[in-house]
Amino acid sequence: LCMVELHICGLSGEELMHTKLPAATLGQEVRQMVAEKLPSKPGTRFLLYHGVSKLMLNKTLQEQGIDQEVTLTYTFCSTDLYAAWSFIQGKAREEDPLVLEGVTCIKGARTSEYLCNL
């Protein structure tokens, strides 16, 4: 069983967590572990990167070339309200369940037509 040692750090280098996982662990499982440690922020979601590549959620660490000791970096980005609305409307992409991250409510729209024009 091949194990991978992961250091999860913010952009400024502060380490959030350090763990060892099987190389067969999916990116989604890693993301879920990190999500449990990071405070949620309204209007934002977080992304994980291995170097300059975004961690792919539907692939194992090994399939992404992560097979020894590595650092994954997390960063927060603004929630994409249009993508969240598209998901609600059933126009989902592969990663879409995550587009709702950071959305706490949608106010001010009297009709869905308003949101369709974002």
Side-chain angles (χ1 to χ4, degrees):
L1 183 65
C2 183
M3 299 295 283
V4 176
E5 189 167 353
L6 296 177
H7 300 271
I8 312 295
C9 299
L11 284 176
S12 60
E14 74 283 359
E15 188 169 273
L16 175 72
M17 63 187 289
H18 173 237
T19 188
K20 286 187 179 184
L21 296 171
T25 303
L26 286 171
Q28 176 61 40
E29 295 171 272
V30 175
R31 189 186 190 288
Q32 183 59 40
M33 287 176 46
V34 174
E36 291 171 5
K37 299 282 186 189
L38 275 178
S40 63
K41 297 179 180 182
T44 65
R45 63 188 193 118
F46 78 92
L47 301 172
L48 284 171
Y49 289 90
H50 173 235
V52 295
S53 301
K54 195 161 93 170
L55 187 70
M56 292 177 274
L57 303 180
N58 60 342
K59 294 198 176 205
T60 67
L61 296 173
Q62 189 170 31
E63 289 172 329
Q64 297 180 65
I66 302 171
D67 57 8
Q68 294 187 6
E69 182 174 357
V70 299
T71 297
L72 297 180
T73 306
Y74 68 86
T75 183
F76 288 96
C77 64
S78 297
T79 298
D80 182 342
L81 188 56
Y82 178 76
W85 180 247
S86 294
F87 178 78
I88 291 167
Q89 292 295 307
K91 302 170 188 169
R93 293 185 314 247
E94 183 178 327
E95 61 191 320
D96 273 350
L98 299 177
V99 300
L100 294 178
E101 183 179 347
V103 176
T104 57
C105 67
I106 298 175
K107 292 183 179 179
R110 293 194 171 101
T111 68
S112 61
E113 189 175 318
Y114 170 82
L115 293 170
C116 290
N117 292 315
L118 290 174

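A quick note: this is a predicted structure, and the numbers were derived from the prediction, not measured. Quick note: residue numbers are just sequence positions, from 1. What's counted below: heavy atoms across the whole structure, side chains too, no hydrogens, waters or symmetry copies.
Classified by interplanar angle (parallel below 30°, tilted 30° to 60°, perpendicular above 60°), the ring pair Phe76/Phe46 is perpendicular.
Between the side chain of Gln64 and the main chain of Met56, a donor-acceptor pair closer than 3.5 Å is present. Remark: the backbone N or O of Thr44 is not paired with any side-chain donor or acceptor of Ser78 at under 3.5 angstrom.
Crowding of Gln68 atom CD: a count of heavy atoms from other residues, nucleotides or ligands under 6.0 Å not exceeding 12.
Contact annotation: the side chain of Glu29 never approaches that of Leu21 to less than 4.5 Å [non-hydrogen atoms, C-beta and beyond]. Between Glu14 and Cys9, every side-chain heavy-atom pair lies at or beyond the 4.5 Å cut-off.
A chain of hydrophobic side-chain contacts below 4.5 Å, direct or via other Ile, Leu, Val, Met, Phe, Trp or Tyr residues, connects Val4 to Met33. There is a path of hydrophobic side-chain contacts, each under 4.5 Å, that joins Met17 to Val70.
Each of Leu48, Ile66, Val34, Thr25 was checked for a side-chain contact (heavy atoms from CB on, under 4.5 Å) with Leu6, and the lone residue meeting it is Ile66. Put simply, the residue from Leu72, Thr73, Leu61 that forms a side-chain contact (heavy atoms from CB on, under 4.5 Å) with His50 is Leu72.
The minimum heavy-atom distance between Thr75 and Leu11, with the atom names listed, is OG1-CD1, 3.5 Å. Residues Cys2 and Asp67 come closest through the heavy atom pair SG-O, 4.0 Å.
From Leu26, atom CG reaches atom NZ of Lys59 across 11.5 Å, with rounding to the nearest 0.5 Å. Annotation: the span from Thr19 atom OG1 to Glu5 atom CD amounts to 9.0 Å, rounded to 0.5 Å. The CZ atom of Arg45 sits 14.0 Å away from the CG atom of Leu38 when rounded to the nearest 0.5 Å.
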